[in-house]
There are 4 protein chains.
Amino acid sequence: MPKIGMEKVRKEAVIGATMRCLCKGGFTGLSVKAIAAEAGLSTGIIYHYFRNKEDLLLNVIREAFAQSHQNVMQVVEPLTSQRDKLFKHIESIHSVVLDNPDFYTVLLNFLGQTSNNPEVKKIMTKFLSNLTSYVRRYLEEGVARKEFAPDKTKDLDVMIIALGMGLGIMCTLAPETFDHKQLGESFKSFAEKYVE
Amino acid sequence: MPKIGMEKVRKEAVIGATMRCLCKGGFTGLSVKAIAAEAGLSTGIIYHYFRNKEDLLLNVIREAFAQSHQNVMQVVEPLTSQRDKLFKHIESIHSVVLDNPDFYTVLLNFLGQTSNNPEVKKIMTKFLSNLTSYVRRYLEEGVARKEFAPDKTKDLDVMIIALGMGLGIMCTLAPETFDHKQLGESFKSFAEKYVE
Amino acid sequence: MPKIGMEKVRKEAVIGATMRCLCKGGFTGLSVKAIAAEAGLSTGIIYHYFRNKEDLLLNVIREAFAQSHQNVMQVVEPLTSQRDKLFKHIESIHSVVLDNPDFYTVLLNFLGQTSNNPEVKKIMTKFLSNLTSYVRRYLEEGVARKEFAPDKTKDLDVMIIALGMGLGIMCTLAPETFDHKQLGESFKSFAEKYVE
Amino acid sequence: MPKIGMEKVRKEAVIGATMRCLCKGGFTGLSVKAIAAEAGLSTGIIYHYFRNKEDLLLNVIREAFAQSHQNVMQVVEPLTSQRDKLFKHIESIHSVVLDNPDFYTVLLNFLGQTSNNPEVKKIMTKFLSNLTSYVRRYLEEGVARKEFAPDKTKDLDVMIIALGMGLGIMCTLAPETFDHKQLGESFKSFAEKYVE
DNA sequence: TATGAATGAGGATTCATTCAT
DNA sequence: GATGAATGAATCCTCATTCAT
């Protein structure tokens with residue numbers, strides 16, 4: 001087994017293992033030992049690549065957010081109409097619950113940390129404003145191109161993201177109670193009602 | 001100091017102390033010792049009133065949810081028109097962020113536990129379906145009384161709660177980025193648009 | 001076994017155990033676990049009585065220095081003549097090597113810490129100036145009472161302590177090479193030569 | 001950079017780096033990794049030149065002692081009169097505190113190891129008896145050459161070394177309390193008093 | 001020779017829980 | 001009822017040492 005040029009591979013392996021552990025058992029009981037075992041590595045090597053457990057966890061959120069963002073972008077970017085982009089974006093956001101449930105596990109587990117950990121807060125704030133600004137861009141551009149009516153977009157970006165996140169959380173927490181597919185339809189029709 | 005019949009007082013004191021600790025430092029460092037100190041009691045006594053730490057924490061969520069529910073009900077119940085009830089309810093939900101921020105701290109801290117702890121999951125599911133069913137009742141009753149048009153209420157209950165929770169979370173996590181007051185207005189106008 | 005009023009007993013037990021461990025194996029390998037085992041206690045209890053390992057170690061030096069000082073005082077105090085006090089003091093200092101070898105073990109082990117640990121430095125400085133000031137007092141008082149000639153006492157206090165410590169260290173480090181008893185005689189005759 | 005015949009250079013570099021680390025932070029935190037970093041080398045190479053950490057540390061004391069000895073000898077050797085040699089020697093010993101403070105750092109840090117590590121003990125004993133034997137030689141030779149009176153030299157060698165070491169330690173530990181220069185004068189006058 | 005990735009045992013510390021008082 | 005001393009398993013992290021390259 002090679003020993004050189006492994007930094008990226010190892011870091012990814014550890015981050016992935018951490019996510020899997022997080023999904024299995026949540027924050028409580030998320031030990032470095034367990035992560036190392038999951039990654040098939042020794043505990044020591046984790047400290048070779050990450051300053052400490054917190055540093056590792058911060059990398060985990062960053063990675064989870066980046067991945068989720070990338071997934072959405074891959075689907076939305078090729079589209080040309082702002083309207084299509086907006087609705088595809090909404091659809092993508094909603095389908096994260098099923099396509100990438102790990103994202104929600106990570107999100108839900110870190111939400112509680114936000115108020116106590118400045119670094120987590122920074123990442124979380126950045127992530128949320130990132131999300132809204134994408135939607136805002138579609139809307140503004142769409143208005144400019146006369147795809148949407150101009151006057152109704154007040155706070156619509158934030159509303160869409162809030163609604164998407166709220167639904168995502170509810171569907172994740174209580175999938176038996178909240179029907180993911182049907183709520184996805186309602187989500188889209190909510191947006192439609194606004195932009196038309 | 002009386003030594004008998006203190007059960008209710010002590011339990012409430014401990015639950016309150018736990019909430020304060022939770023708000024101060026989150027789950028990390030939430031030790032039984034710290035809770036006891038905050039409550040001005042010994043660690044031992046906590047085990048007299050609660051089976052263990054988990055039992056205490058479950059009581060904390062229950063209490064937080066019950067309190068929050070009660071606060072909303074107190075404001076909404078006296079009203080007679082379903083429309084008034086609905087909008088007052090929405091307003092109340094949104095103002096929890098400012099009026100009772102502890103509720104969000106507790107909520108955010110426990111969200112991550114939901115998937116791993118069946119008891120937390122039960123409480124959380126119950127809480128969420130409770131929330132939606134109240135809104136649904138206003139809507140159905142409102143339609144019956146012809147306060148609202150009949151055909152537009154598809155999933156509106158869930159949408160309102162999801163949006164309310166999403167906005168609440170966003171305003172709690174990043175108050176500098178998301179303006180609570182303005183979003184409250186937009187929230188209400190979103191609902192209005194739907195029921196009219 | 002009683003559980004109350006044990007603070008002093010426990011603290012002493014832990015400090016004593018630490019000294020014994022220190023004598024057995026030095027600083028290296030002085031683990032809290034080993035100390036606890038030596039004291040017949042659990043590791044946890046050590047942190048109940050001491051903030052951390054460093055706090056415990058500081059208490060150990062303080063205790064060692066205090067004990068050593070007390071031993072000397074017990075012998076010297078009853079004496080009335082300053083000359084007697086001085087020579088008894090010298091004798092006592094020198095016999096620490098044999099009577100209380102733990103003192104030297106502790107001293108030698110902590111000397112290296114002095115430059116890096118401000119608290120150790122404070123204790124050490126205090127201890128050394130304490131030692132010299134006792135000797136200085138005998139000398140000054142002795143001169144005042146005409147027990148000693150007045151002009152020869154320049155730095156004699158420091159010289160006596162330095163010589164005592166140097167001899168103590170040498171006899172401790174290499175007892176086969178340096179004859180404790182004989183050096184004690186020479187030590188005294190050195191002082192005599194000066195005060196006469 | 002040459003790759004062969006580097007043994008001596010590398011060994012010296014590592015020993016020097018170790019001394020610098022030791023002076024910076026003492027024994028605590030003196031890791032092979034830190035030493036390697038200080039020396040600008042990899043950790044692996046240290047094990048190429050030294051059997052293990054202990055072996056390296058033993059070399060460090062040996063080197064420190066040898067250097068210190070050499071420094072003294074350089075100054076003393078050219079002198080012809082035994083009296084001059086003796087006093088220059090005393091002066092040199094005392095000035096180590098200022099001229100080569102690293103020596104005392106090393107000495108103080110290793111003193112505690114002496115009783116537990118036979119190899120350290122051997123080196124330390126050798127060093128101390130070396131020191132005294134040099135002084136003894138001056139004295140004996142001086143008596144033979146009638147530079148000193150014959151009868152007063154009992155244990156004077158040990159006393160001088162003990163006093164020198166004691167003063168050195170005190171001046172190193174508490175330089176604000178013990179005035180190096182003045183004590184040097186007193187040290188010399190102490191010796192003078194004896195040999196005259 | 002030289003590197004630095006990798007290991008894993010061991011250390012300090014925390015903390016839920018119990019129990020004698 | 002109430003206390004807080006006591007336990008010891010579990011946690012994070014460090015570090016001497018090895019070894020593939």
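Bear in mind the structure is a predicted one, so any value in this text is a computation, not a measurement. In what follows, chains carry the letters A, B, and so on, assigned in the order in which the sequence lines appear, proteins first and then strands, with residues in each chain numbered from 1.
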Spacing of CZ belonging to R10(C) relative to CD1 belonging to I46(C), to within rounding of 0.5 Å: 11.5 Å

Whole-Å gap separating P (dT17(E)) and NZ (K53(B)): 8 Å

Comparing S42(D) and E54(B) on DNA chain E - which has the more 5′ nearest nucleotide: S42(D)

Under 3.5 Å: donor-acceptor pair, side chain of S68(D), backbone of A64(D): no

Nucleotide dT1(E), atom P - distance to CZ of F50(D) in whole Å: 14 Å

Length of the CZ-C1' vector between R10(C) and dA5(F), whole Å: 8 Å

Side-chain H-bond candidate by donor/acceptor type, Q67(B) with D102(B), under 3.5 Å: no

Selected nucleotide, minimal atom distance to Y49(A) side chain, candidates dA5(E), dT3(F), dT7(F): dA5(E)

Whole-Å gap separating P (dA16(E)) and CG (D55(B)): 14 Å

Minimum-distance nucleotide to T43(C) side chain [options: dT17(E), dT18(F), dT13(E)]: dT13(E)

Atom pair distance, as rounded to whole Å: CZ in R51(B) and P in dT18(E): 12 Å

For DNA chain F, the residues among residues 15-31 of chain A that have a non-hydrogen atom under 4.0 Å from it: L30(A), S31(A)

Comparing G44(D) and V32(C) on DNA chain E - which has the more 5′ nearest nucleotide: G44(D)

Length of the line joining K11(A):NZ and dA5(E):P, which is rounded to integer Å: 11 Å

Results of ring-ring contact (aromatic ring centres under 6.0 Å, His included) for F127(D) - residues two or more places apart only: F65(D), F103(D)

Under-4.0 Å salt bridge between R62(A) and E119(A): yes

Listed nucleotide nearest any side-chain atom of N52(D), set dT7(E), dT17(F), dA2(F): dT17(F)

Point-to-point distance, once rounded to the nearest 0.5 Å, from OH of Y104(D) to CG of L173(D): 10.0 Å

Residue Y47(D), side-chain atoms from C-beta onward, closest of dA2(E), dA2(F), dT17(F): dT17(F)

Summary of side-chain hydrogen bond (donor to acceptor under 3.5 Å, both in side chains) pairs that have at least one residue in residues 19-29 of chain C, sequence neighbours excluded: R20(C)-E38(C), K24(C)-E38(C), T28(C)-Q113(D)

Comparing K33(A) and L41(C) on DNA chain F - which has the more 5′ nearest nucleotide: L41(C)

Between dA12(E) (C1') and I45(C) (CD1): distance, integer Å: 16 Å

Interatomic distance, M6(A) CE vs dT7(E) P [rounded to whole Å]: 12 Å

dT21(E): pairing nucleotide in any strand, Watson-Crick or G-U under 3.5 angstrom: dA2(F)

Among dA5(E), dA2(F), dT1(E), the one nearest H48(D) by side-chain distance: dT1(E)

